[in-house]
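Remarks on the structure that follows.
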Amino acid sequence: MTRRKKVVFVAGARPNFMKIACLLKECRKYKAIRAIVVHSGQHYDNEMSEQFFKDLDIAPPRYFLGVGSGSHAEQTGRVMVAFEKICQKERPDYVVVVGDVNSTVAACLAAKKCHIRVAHIEAGLRSFDMAMPEEINRMVTDSISDDLFVTEQSGVTHLRKEGHAAKKIHFVGNTMIDSLILAMKKIQRMDPRSWTSYPLQEQLSSYGLLTLHRPSNVDSKTQLKRLLAVVDQVAQEIPIIFPAHPRTRKSIREFKVKLSKNIHLTHPLGYLEFIFLCQKAGFILTDSGGIQEETTFLKVPCFTLRANTERPVTLEKGTNILVGNNIEQIPRLVHQVLRGQSRAGQTPPLWDGRASQRIIKILVRKLMI
Ligand code: UD1
């Protein structure tokens, strides 16, 4: 009897969990595959991690590495040391890493040095901004991975330019959108009143949503104050719900930033609660990568508080607007959106809920060779 093939899925931080959920579901359809989940522990608070496992119906991970927070080198190094042990113990046939966080590059490096094949989900995205740790993580991961699964055409173009063979590159769509489609169905059957944010206990009929966590926006007192002053102006026209990342909350406290009463600061929200809020929001202000894609799919106007994006399809086809340094324009842009002057946008190719199906089919084929 042939041995079942072991595929280890690595996730470590909040934006990873929605990218592996549907891949794991898909694996259950194949008896020849044994999926093992490793959680690096890069994110560890209940609301940044466990809640996502519940919302996405992911079983608790087989291994929890507990690496926690630290400098980039500390975090990356700790994941490498701990994950190498798992690779030696389990001898997986494939390791699957997703996205661009420190756990992604660390697990990829450790696995490759143990001569294990690695598949990178969300390969080829490039912001061309080497000041972003994620850009370094993406480039290193792509350069040594065996299979590169791509969410949008720009990824294929970058990887080809970087010299990767066409047979390694698979344009399959977006596993995050697979999870989003399932979440939307689930939300329809739920009573949103059980959520703490339900638009803030029904006082708000319309609102904007704000998320901020990039070091370039929240670690600098001047930049954070400048951004929140602009958000304050927007909040004079429409209330803003602001689920704050722990890093952001810390800066708000440390820099003694005062928020007006129209900005409703909340703890980080679970996946379903956040998607519910996104769907109903008038617009979103964010510096996240994933939210640019989710809003494009949901056709909700998105203002990205960054100078660049590695997800250009959301600008070309979707509802995303890159604000860059022109943040003083935001109140005017929001005002236009609220008067109905916004692009409806189109759904990017292959963002159809079946990316995970395509990926696992390809992996199974490769595993059987
Ligand atoms: C990480 C990713 C980023 C991703 C983001 C999503 C890297 C380089 N960055 O950034 O790409 O967009 O996750 O959230 O991998 N903290 C807690 N509880 C937690 C986790 C973190 O309190 O569960 C606090 C700690 O003080 C920590 C800080 O948040 O120092 C930052 O966490 P870290 O994992 O270093 O980076 P993120 O900013 O979350």
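For ligands, and for the atoms within them, numbers begin at 1 and follow the listed sequence.
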Discussion item. Taking the six-membered ring for Trp, are Phe53 and His39 closer than 6.0 Å centroid to centroid?
Written reply: yes
Discussion item. Treating Asp178 as the side-chain partner and Ala355 as the backbone partner, does any N or O pair qualify as donor plus acceptor under 3.5 Å?
Written reply: yes
Worksheet item: Is there a side-chain hydrogen bond (donor to acceptor under 3.5 Å, both in side chains) between Arg78 and Asn102 once you walk through the steps?
Response: CA-CA 10 Å; Arg78 279 192 226 127; Asn102 287 342; over 6 Å; no
Item to complete: May I ask you to decide if the ring planes of His43 and His245 are parallel, tilted or perpendicular, using 30° and 60° as cut-offs?
Response: perpendicular
Worksheet item: Among protein heavy atoms, which lies nearest atom 6 (C) of ligand 1, and at what distance?
Response: Pro15 CD, 3.5 Å
Item to complete: Give the C-alpha distance, both sets of side-chain angles, the deciding distance and a yes or no for salt bridge (Lys or Arg N to Asp or Glu O under 4.0 Å) between Glu26 and Lys361.
Response: CA-CA 9 Å; Glu26 204 51 38; Lys361 210 166 156 186; over 6 Å; no
Worksheet item: Can you check whether His213 has an N/O within less than 3.5 Å of an N/O in ligand 1?
Response: yes
Fill in: ligand 1 to Lys250 polar contact by distance, N or O atoms, under 3.5 Å
no
Discussion item. How about NZ on Lys225, more than 12 heavy atoms from neighbouring residues, nucleotides or ligands closer than 6.0 Å, or not?
Written reply: yes
Worksheet item: Would one find an N or O of Tyr44, backbone or side chain, under 3.5 Å from an N or O of ligand 1?
Response: yes
Practice prompt. Could you list the residues that satisfy ring pair (Phe, Tyr, Trp, His ring centres under 6.0 Å) with His158, not counting sequence neighbours?
Written response: Phe128
Response to the item:
the protein heavy atom lying closest to atom 9 (N) of ligand 1 turns out to be Glu134 OE2, 3.6 Å
Worksheet, complete the sentence: among protein heavy atoms, the one nearest atom 28 (C) of ligand 1 is Arg247 CB, 4.2 Å
Discussion item. Run Lys89 and Tyr63 through side-chain hydrogen bond (donor to acceptor under 3.5 Å, both in side chains) and show every step you take.
Written reply: CA-CA 12 Å; Lys89 182 175 167 217; Tyr63 296 99; 3.0 Å; yes
Worksheet item: Does ligand 1 have any atom that is closer than 4.0 Å to a heavy atom of Glu47?
Response: no
Worksheet item: Above 12 or not: heavy atoms from other molecules or residues under 6.0 Å from NZ of Lys54?
Response: yes
Worksheet item: Which residue and non-hydrogen atom of the protein lie closest to atom 18 (N) of ligand 1, and at what distance in Å?
Response: Asp45 OD2, 2.8 Å
Worksheet item: Identify the closest protein heavy atom to atom 25 (C) of ligand 1: which residue and atom is it, and at what distance?
Response: Ser69 OG, 3.4 Å
Practice prompt. Could you find the nearest protein heavy atom to atom 7 (C) of ligand 1 and give me its residue, atom name and distance?
Written response: Gln42 NE2, 3.6 Å
Practice prompt. Within a distance under 4.0 Å of any heavy atom of Pro246, pick out the atoms of ligand 1 and give their elements.
Written response: 16 (N), 17 (C), 18 (N), 22 (O), 24 (C)
Discussion item. Students should be able to answer this: which protein heavy-atom is nearest to atom 29 (O) of ligand 1, and at what distance?
Written reply: His245 CE1, 3.7 Å
Fill in: Heavy-atom nearest neighbour of atom 39 (O) of ligand 1 within options Arg14, Glu50, His43, Met48
His43
Worksheet item: Of the protein's non-hydrogen atoms, which lies at the shortest distance from atom 2 (C) of ligand 1, and what is that distance?
Response: Val101 CG1, 3.7 Å
